[in-house]
Undergrad: 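This structure is in structure tokens; I'll ask about it shortly.
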Protein chains: 2
Amino acid sequence: MNNTRFATAIHILTLLAKAGDEWVSSDWIAGSININPAMVRKEMSVLQNAGLVVGRKGKEGGSKLNLSQSEISLADVYIAVKNSEVLGKKNLHTSAKCPVGKVINKKLDGIFSETDDLVIRSLRKKTLSSFVKQF
Amino acid sequence: MNNTRFATAIHILTLLAKAGDEWVSSDWIAGSININPAMVRKEMSVLQNAGLVVGRKGKEGGSKLNLSQSEISLADVYIAVKNSEVLGKKNLHTSAKCPVGKVINKKLDGIFSETDDLVIRSLRKKTLSSFVKQF
DNA sequence: TTTAATTGTAATATATTTTGTTACAATTAA
DNA sequence: TTAATTGTAACAAAATATATTACAATTAAA
């Protein structure tokens with residue numbers, strides 16, 4: 001996760017949470033984060049596919065939450081945006097001739113997935129609701 | 001961590017652990033990982049700065065562990081190589097005019113560092129020794 | 001019905017990060 | 001003295017992330 005996707009997603013969801021039942025435009029959100037509106041819409045599209053938000057086209061269009069704040073956990077957000085494991089990537093092409101190189105990825109798998117699970121279980125306990133209360 | 005540095009560092013340390021008191025060349029290690037020897041030396045340099053390995057130049061030179069296998073935790077390795085937080089980067093330049101944009105990074109800080117700590121505490125319990133035993 | 005505003009998405013461009021490569025002075029053992 | 005090796009710098013290439021532009025499709029409201 002050497003990118004801003006989690007931070008961006010949380011920022012978006014926080015604004016939607018605070019907007020309640022209003023439709024919020026990507027332009028408004030982009031102004032708060034200070035990124036391009038098209039970037040907001042791209043990430044919004046991911047959050048829609050995850051079932052967290054809904055969008056509406058056309059004049060007076062925009063986005064809003066699809067679930068209540070307390071039904072959205074930060075794990076849902078993380079899972080929606082994550083594109084690598086916490087401990088990073090493995091070296092593909094390790095040597096089949098070396099006893100270590102031959103099997104190391106299988107051994108790393110355990111640690112890698114255990115670490116990912118740990119993070120997800122921790123984020124599962126945190127809700128958008130409690131995050132937004134801080135503001 | 002959208003890179004291979006942790007996997008590479010663990011691979012290196014595993015080979016050194018299995019080599020015992022011998023000096024292992026970057027060329028040999030590179031062959032097992034199937035990457036460029038200069039890459040191995042770069043990462044080795046990081047592990048040296050972390051106090052985990054020692055190097056020797058010249059003919060019959062190479063690297064070996066500076067501590068016993070059981071004294072090296074995977075957290076030591078992770079800390080040595082990590083260059084981003086688990087949950088990624090924050091958006092710098094968020095709007096000072098928006099009540100959310102104004103303070104969100106401070107609020108995210110809590111979650112971000114808590115998550116990093118969680119991972120480190122978990123890796124702290126795992127030693128190079130127990131990892132290497134699997135081979 | 002027309003207009004204005006907005007999404008969703010694709011295509012392209014730019015920037016940043018990661019990985020790979022080459023080169024070589026300094027060092028060390030034999 | 002020779003041969004092998006590190007440590008590091010400089011540069012190149014590839015992969016990933018972010019930004020920008022454009023526009024068809026849609027929708028509310030005039």
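These values consider heavy atoms only, across backbone and side chains, with no hydrogens, waters or symmetry-generated copies. Quick caveat: nothing in here was measured; it's all calculated off a predicted structure. Here is how names work: the chains are called A, B, and so on, in the same order as the sequence lines, proteins then strands, and each is numbered from 1.
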Undergrad: Please state whether the rings of B/Y78 and B/F6 are parallel, tilted or perpendicular, taking 30° and 60° as the class boundaries.
TA: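 If you compare the ring of B/Y78 with that of B/F6, the planes turn out perpendicular.
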
Undergrad: Examine D/dA17: is either OP1 or OP2 under 4.0 Å from a nitrogen or oxygen in the side chain of A/T4? Give yes or no.
TA: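 Answer is no, no contact under 4.0 Å.
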
Undergrad: Between the protein and nucleotides 1-4 of chain D, list every N/O to N/O distance that falls short of 3.5 Å.
TA:
| from | atom 1 | to | atom 2 | distance (Å) |
| --- | --- | --- | --- | --- |
| D/dA4 | N3 | B/K59 | N | 3.3 |

Undergrad: If I take atom CG in residue A/N49 and atom C1' in nucleotide C/dT9, what distance separates them, rounded to the nearest angstrom?
TA: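 My rounded result for the distance is 12 Å.
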
Undergrad: So does B/E22 have more than 12 non-hydrogen atoms from other groups sitting under 6.0 Å from CD?
TA: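 Counting neighbours around CD of B/E22, 12 or fewer heavy atoms of other residues, nucleotides or ligands fall under 6.0 Å, so no.
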
Undergrad: So B/L118 and B/V86, side-chain contact (heavy atoms from CB on, under 4.5 Å) or not? Walk me through it.
TA: CA-CA 10 Å; B/L118 186 74; B/V86 170; over 6 Å; no

Undergrad: Decide whether A/S32 and A/H11 meet the rule of one side-chain donor and one side-chain acceptor closer than 3.5 Å.
TA: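 The criterion, which ignores hydrogens and geometry beyond distance, is satisfied for A/H11 and A/S32.
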
Undergrad: Could you give the CZ-to-P distance, from A/F6 to D/dT18, as a whole number of Å?
TA: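 My rounded result for the distance is 15 Å.
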
Undergrad: Dot-bracket, 5' to 3', for DNA chain C please: Watson-Crick or G-U pairs under 3.5 Å, [ ] where pairs cross earlier ones, | where the partner sits on another strand, dots elsewhere.
TA: ||||||||||||||||||||||||||||||

Undergrad: Hydrophobic clustering (ILVMFWY, side-chain heavy atoms < 4.5 Å, transitive) - are B/I120 and A/I111 grouped together?
TA: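 A/I111 clusters together with B/I120.
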
Undergrad: Taking only side-chain nitrogens and oxygens of A/R56, does any of them come within less than 4.0 Å of OP1 or OP2 of D/dA28?
TA: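 For A/R56, the contact criterion (side-chain N or O under 4.0 Å from OP1 or OP2 of D/dA28) is met.
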
Undergrad: May I ask you to verify if any side-chain N or O of B/S26 is less than 4.0 angstrom from the OP1 or OP2 atom of D/dT6?
TA: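 B/S26 to D/dT6 OP1/OP2: side-chain N or O found under 4.0 Å.
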
Undergrad: Among pairs that include at least one residue of residues 125-135 of chain A, which meet salt bridge (charged side-chain N to carboxylate O under 4.0 Å, His left out), considering only residues two or more places apart or in two chains?
TA: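 Checked against salt bridge (charged side-chain N to carboxylate O under 4.0 Å, His left out) - neighbours excluded - the pairs reaching residues 125-135 of chain A are A/K126-B/E114.
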
Undergrad: Report the residue (A/G61 or A/M1) whose heavy-atom-nearest nucleotide on DNA chain D is the more 5′ of the two.
TA: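 Of the two residues, A/M1 wins.
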
Undergrad: Just wondering, do B/M1 and A/M1 contact through their side chains at under 4.5 Å, heavy atoms?
TA: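 No - every pair of side-chain heavy atoms lies 4.5 Å or more apart.
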
Undergrad: Please determine whether side-chain contact (heavy atoms from CB on, under 4.5 Å) holds for the pair A/W23 and A/V54, giving the CA-CA distance in whole Å, both sets of side-chain angles, and the decisive distance to 0.1 Å.
TA: CA-CA 9 Å; A/W23 294 98; A/V54 283; 4.3 Å; yes

Undergrad: Within residues 9-23 of chain B, which residues have any heavy atom lying less than 4.0 Å from an atom of DNA chain C?
TA: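 When residues 9-23 of chain B is checked for heavy atoms under 4.0 Å from DNA chain C, there are no hits whatsoever.
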
Undergrad: Listed in order of residue number, which residues of residues 76-101 of chain A have a non-hydrogen atom at under 4.0 Å from DNA chain C?
TA: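 The stretch gives none, as no residue of it lies under 4.0 Å from the strand.
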
Undergrad: If you round to the nearest 0.5 Å, how far is CG of B/D116 from CD of B/E85?
TA: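 Answer rounded to 0.5 Å: 5.0 Å.
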
Undergrad: NA contact type, A/S63, heavy-atom cut-off 4.0 Å: base, sugar-phosphate, or nothing?
TA: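 Touches nothing.
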
Undergrad: Could you check whether any side-chain heavy atom of A/K102 comes within less than 4.5 Å of a side-chain heavy atom of A/T94, counting everything from C-beta outward?
TA: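 No. Closest side-chain heavy atoms not under 4.5 Å.
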
Undergrad: Do B/Q69 and B/I72 touch side chain to side chain, with heavy atoms closer than 4.5 Å?
TA: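 A side-chain contact is absent here, since even the closest heavy-atom pair is not under 4.5 Å.
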
Undergrad: Atom CG in A/L13, atom CG in A/L65: separation rounded to 0.5 Å?
TA: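 The distance works out to 6.5 Å.
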
Undergrad: In whole angstrom, what separates A/N2's CG from C/dA15's C1'?
TA: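 Going from A/N2 (CG) to C/dA15 (C1'), I get 13 Å.
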
Undergrad: Check whether any side-chain heavy atom of B/L52 sits under 4.5 Å from a side-chain heavy atom of B/N66, and report yes or no.
TA: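 Contact flag for B/L52/B/N66 side chains = no.
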
Undergrad: Short of 4.0 Å, heavy atom to strand atom, which residues of residues 32-48 of chain B count as contacting DNA chain C?
TA: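 The stretch gives B/I35, B/N36, B/A38, B/M39, B/R41, B/K42 as the residues lying under 4.0 Å from the strand, ordered by number.
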
Undergrad: Give, for atom NZ of B/K107 and atom CG of B/N105, the distance between the pair rounded to the nearest 0.5 Å.
TA: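 The NZ atom of B/K107 sits 11.5 Å away from the CG atom of B/N105.
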
Undergrad: Does the side chain of B/N83 reach to within under 4.5 Å of the side chain of B/N3, using non-hydrogen atoms?
TA: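 Answer yes - side chains close enough.
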
Undergrad: Check whether the side chains of B/S45 and B/Q48 place a donor and an acceptor atom closer than 3.5 Å, and report yes or no.
TA: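 Side-chain D/A pair, B/S45 to B/Q48: absent.
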
